[in-house]
Protein chains: 2
Amino acid sequence: MAKSAGARAQRDARQDAGIGLGELENHLGYFVRRLQHWIFRDVNAALAAVDLDVISYSLLETIAANPGTTQIAVAGALGIERARMVGLLDDLQQAGLIVRERSEQDRRAHALGLTPRGRLILKKANAQISAHEKRVARRLGADNYRRALAALSQFETD
Amino acid sequence: MAKSAGARAQRDARQDAGIGLGELENHLGYFVRRLQHWIFRDVNAALAAVDLDVISYSLLETIAANPGTTQIAVAGALGIERARMVGLLDDLQQAGLIVRERSEQDRRAHALGLTPRGRLILKKANAQISAHEKRVARRLGADNYRRALAALSQFETD
DNA sequence: TATTGTTATACTCTATAACTATA
DNA sequence: TATAGTTATAGAGTATAACAATA
């Protein structure tokens, strides 16, 4: 029973520190938040090697998967305000990683794409991300990692 | 194979919207963030019925589980800056839900506790939270919910 | 009229440093 | 000297509204 052993070890550690968390320890939201914090820090540390953060990386990856897409489409897919996209894309453009061109179908919109340098940086970033995922898997346990990925990938948001 | 069916349905929905997410869909961090966002919104909406938010609720629950504990201990347990604790506890105190008393062992510290009203509100909050957890479980699927809770509760942060 | 991108504004969260009173 | 709580400040993230160009 690896499960209760791991959970118990954590509870014990907190009780050693003289503080428990009551009902919180029965709620998925609490554990999701803890894991998300750790992942956020680890992935940003990993991406610092290629001078990116997790948001810039997500933007590059989404643009790479949808060449010619618009700012609004990317904003919607990633849950970023369109007002905030402006500054984020400004930075990526200044770093020479993306291009913004007037769309020919709709001249209000910008068609987004990666520069050759953008593709290179993204490739390096994905190597860092791959190492990061391995760290998560090792820390969570390979079985738990697979279970968590399988379970959470089925969650459909509104 | 409920797994690939669910994952496929989501992918299809995004492709219908004309945009995919590339490598992001293989990363646990992406799904954790998505789930965390949904939970955050749903739990805050639920707690609005008792005029709390998720942070205030976590504070009440932690204080209830550790009567007489200090601000620093709670801050450490929940990952909140001790500077931010001040304002958060000010609000809870003004709402008549907690008491801050000088600790008799260490007169620098505040001993924290719930008022009778704090205990009542917390009880009502936990009923709301319980309903929220059921919504998460239903949306994720009962099996996935159990698997996710079991897997994620074993993650130990630094 | 509605939409894309943009700018401006305000509010919250986070991080940091410094102060006070105690230890 | 170090620690608990507090205050103040600056930076990042988020939400909102309004504007120009285009549909």
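Reminder, nothing fancy here: chain letters follow the sequence lines and each chain counts from 1.
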Candidate nucleotides D/dG13, D/dT7, C/dT6, ranked by approach to the side chain of B/Ala83 - the nearest: D/dT7

Listed nucleotide nearest any side-chain atom of B/Glu81, set C/dA15, C/dG5, D/dG5: C/dA15

Separation of atom CZ in B/Arg107 from atom P in C/dT20, rounded to whole Å: 18 Å

Test item: B/Thr62 side-chain N/O and B/Ser58 main-chain N/O as donor-acceptor pair under 3.5 Å: yes

Gap between atoms CE and C1', on B/Met85 and C/dT14 respectively (whole Å): 15 Å

No-hydrogen, no-angle side-chain donor-acceptor test under 3.5 Å, B/Glu133 and B/Tyr145: yes

Side-chain donor/acceptor contact of A/Arg84 with base of D/dG13 under 3.5 Å: no

Separation between CG of A/Leu122 and CD1 of A/Ile63, rounded to the nearest 0.5 Å: 10.0 Å

Out of D/dG13, D/dA23, D/dT6, whichever nucleotide has its closest atom nearest the side chain of B/Arg100: D/dT6

5′-ward residue of the pair A/Glu104/B/His110 relative to DNA chain D: B/His110

Integer-rounded Å distance: D/dG13 C1' and B/Phe40 CZ: 12 Å

A/Ala109 vs A/His37, nearer the 5' end of DNA chain C by closest nucleotide: A/Ala109

A/Arg82, nearest nucleotide to its side chain (from C/dT4, D/dG5, C/dT16): C/dT4

Length of the line joining A/Ile80:CD1 and D/dA12:P, which is rounded to integer Å: 16 Å

Between C/dT22 (P) and B/Gln71 (CD): distance, integer Å: 15 Å

Ion pair check, B/Asp90 and B/Arg100, cut-off under 4.0 Å: yes

Separation of atom CG in A/Asn44 from atom P in C/dT14, rounded to whole Å: 15 Å

Atom-to-atom span, CD1 of B/Ile55 to C1' of C/dC13 - whole angstrom: 8 Å

Presence of B/Gln105 side-chain N/O under 4.0 Å of C/dA23 phosphate oxygens OP1/OP2: no

Nearest-nucleotide 5' precedence on DNA chain D, A/Arg108 against B/Thr70: B/Thr70

Side chain A/Ser103, main chain A/Ala111, donor-acceptor under 3.5 Å: no

Nearest-angstrom distance from the residue atom CG of B/Asp106 to P of C/dA23: 6 Å

Sugar-phosphate, base or nothing in reach of A/Arg102, heavy atoms under 4.0 Å: nothing

